[in-house]
Amino acid sequence: MSGKPVKRPKHIPQRTCVGCRETLPKRVLVRLVRRPEGVQVDPTGKLAGRGAYLHDRRSCWENGLKGALARALKVTLSPEDLAVLRQFMQSLPHEEAAVEA
């Protein structure tokens, strides 16, 4: 009765983009975290605090900054937070470049 052990597929955590509501693997999305200092981008995905996820597409960031991100983080975004997030959004590739890559 002894045979090869059943190999289970590795669990891949899924998260939802708050900008477009699409569910993807966690590593594909950009994590934003609410901290006492304010909202910031979490490149490691391990910072303590309430988190929300967005695609690396400007359209998702624009939708998220309209209000979905603030609701997901349960916080009112300050003008300083919005400035930092908009500056990060400007560093993202345009939609055409993201589709081709």
Side-chain angles (χ1 to χ4, degrees):
M1 265 300 265
S2 66
K4 287 186 176 181
V6 177
K7 208 174 197 185
R8 289 185 165 174
K10 183 167 173 57
H11 173 72
I12 300 172
Q14 300 288 306
R15 298 294 182 263
T16 302
C17 173
V18 297
C20 68
R21 307 299 301 162
E22 185 178 346
T23 303
L24 292 167
K26 180 180 174 181
R27 296 246 181 220
V28 175
L29 301 171
V30 178
R31 182 173 190 249
L32 298 150
V33 64
R34 181 184 74 192
R35 307 278 303 200
E37 310 87 57
V39 177
Q40 64 187 62
V41 177
D42 179 11
T44 65
K46 296 181 181 180
L47 286 177
R50 184 170 186 88
Y53 293 84
L54 284 167
H55 273 108
D56 59 351
R57 296 190 301 217
R58 287 191 188 195
S59 60
C60 289
W61 279 74
E62 289 166 358
N63 289 339
L65 292 178
K66 286 180 186 174
L69 180 62
R71 281 190 302 276
L73 294 174
K74 296 184 180 179
V75 68
T76 302
L77 294 174
S78 69
E80 295 83 23
D81 291 337
L82 284 172
V84 169
L85 295 174
R86 284 201 170 100
Q87 183 179 8
F88 183 83
M89 179 179 72
Q90 295 304 321
S91 71
L92 296 173
H94 289 283
E95 297 293 323
E96 299 81 34
V99 172
E100 292 172 8

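Quick note: residue numbers are just sequence positions, from 1. The analysis underlying the following values was restricted to heavy atoms, covering all of them including side chains, and did not include hydrogens, waters or symmetry mates.
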Cut-off 3.5 Å, no hydrogens considered: what does the side-chain donor-acceptor table look like for residues 45-54, sequence neighbours left out?
unit_1, atom_1, unit_2, atom_2, d
R50, NE, A72, O, 2.9

If you look only at distance, which donor and acceptor atoms sit under 3.5 Å apart when one is on a side chain in residues 5-18 and the other is two or more places apart or in another chain?
unit_1, atom_1, unit_2, atom_2, d
Q14, NE2, I12, O, 3.4
T16, OG1, T23, OG1, 3.3

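With a 4.5 Å cut-off on side-chain heavy atoms, C20 and R57 count as touching. L92 has its side chain out of reach of V30: every pair of non-hydrogen atoms, C-beta onward, lies at least 4.5 Å apart.
Atom CE of M89 and atom OG of S59 lie 10.5 Å apart (nearest 0.5 Å). Between the CG atom in L24 and the CG atom in L29 there is a gap of 5.0 Å [rounded to 0.5 Å]. Distance check, rounded to the nearest 0.5 Å: CZ of R86 to OG of S91 gives 14.5 Å. Atom CG of N63 is separated from atom CZ of R21 by 11.5 Å, given to the nearest 0.5 angstrom.
Cluster membership for V84 and L77, using ILVMFWY side-chain heavy atoms within less than 4.5 angstrom, is not shared.
Sorted by first then second residue, the salt bridge (Lys or Arg N to Asp or Glu O under 4.0 Å) pairs that include residues 62-76, not counting sequence neighbours, number zero. Sorted by first then second residue, the salt bridge (Lys or Arg N to Asp or Glu O under 4.0 Å) pairs that include residues 23-35, not counting sequence neighbours, are R31-D42, R35-E37. Applying the ring pair (Phe, Tyr, Trp, His ring centres under 6.0 Å) test to every pair with at least one member in residues 55-88, sequence neighbours left out, gives these pairs: W61-F88.
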- [ ] Step by step, work out the side chain to side chain contact (heavy atoms under 4.5 Å, CB included) result for V33 and Q40.
- [x] CA-CA 6 Å; V33 64; Q40 64 187 62; 3.8 Å; yes
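Under the side chain to side chain donor-acceptor pair (under 3.5 Å) criterion, E80 pairs with S78, not counting sequence neighbours.
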